[in-house]
Amino acid sequence: MQQSILLIEDEESLARFVELELQHEGYAVVKRFDGREGLDEALQGAYDLILLDIMLPGLNGLEVLRRLRREKQTPVILLTARDAVMDKVTGLDAGAEDYITKPFAIEELLARIRTALRRRAAAPAADVLRVGPVALDPLRHIVTVNGQEVTLTGREFQLLQYMMENEDIVLSRETLLSTVWGYDYLGETNVVDVYIRYLRQKIDETHHVKTLHTIRGVGYVMKAEDSHV
Ligand code: CA
C-alpha cells in the first residue's frame, strides 16, 4: 500500500523539491505552506508521516505539533533551519519522532523517513474517531472538543462512540437503545433522549458547536457542521 506524507513547509521551492523526491520514492505527498492549514490537514487526513517545518506563517511548527499531539500520534519529523538546540529539545519533548537540520541531503531525509515509518509500523497508532470538532480515542477513553477534554460517564461515552462510528447515519431510538443499552431496556426509549440531552450539554452547548442533531420522528444523527467559533 502506498504510504502518504504530509509536508508542511512554507519555502515553496524546497517543498517542491522534497515532494518530487518523495514521489520518486513512491510516497503520496500533500503540501501545505502555512501552519494553520497544515494542522487542519494533519487532523483531518490519515497520513503515515508528517514533515513539519518549524518557522511557518500562521502557526509555528512547534505549536502545530503540540495541537496535533492532543489528538493524533502521526509520526512527525521536524525540519529546522536553525541549528538551535532549544528547538530540537522542545520539539522532541512535544512529541516529534525526529528532526533534521536544513540544509539537508535528501538521502538523509529519506533514511530518517524510512526509520520513522518502520518504528511506527511496530506500534500501530490508535484509531481516533473524529466528527468535526469532536475527537474520541477509544483506547485511551478520551473525548475532546476543539482539543479540550470532556468528561463523560461510561454510558455517555458508549453512546457517543456508537454515534461517531455511524457519522451521518440517522439512528433510531430503538437502534441506539438495543446497541448501547442492550435488549433489556427495549421499550424505554426515553432513556435515549435523556442521554442525548446530557451529551448535548457537555459537547454542543458547553463548546458552542453543533454535532448532535435530532431528526424529528426518526431519531438522532451525529454530523459535523462548519462552525467557526
Ligand atoms: Ca520556514
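First listed ligand is number 1; within each ligand, the first listed atom is number 1. Values in this document were obtained by computation on a predicted structure and should not be read as measured data.
Nearest heavy-atom pair across Leu49 and Leu51 is CD2-CD2, 3.8 Å. In terms of heavy atoms, Ala116 sits closest to Glu97 at CB-CG, 3.9 Å.
Note on Arg16 versus Glu12: no salt bridge recorded, every NZ/NE/NH1/NH2 to OD/OE distance being 4.0 Å or above. Salt-bridge annotation for Asp53 and Lys102: present, with a side-chain N of the basic residue lying under 4.0 Å from a carboxylate O of the acidic one.
Residue-level check: among N/O/S atoms of Asp53, OD2 sits closest to the Ca ion (ligand 1). Distances from the Ca ion (ligand 1) to each N, O or S atom of Asp10 single out OD1 as the nearest.
For a distance bound of 3.0 Å, the N, O or S atoms of Glu11 include none lying that close to the Ca ion (ligand 1).
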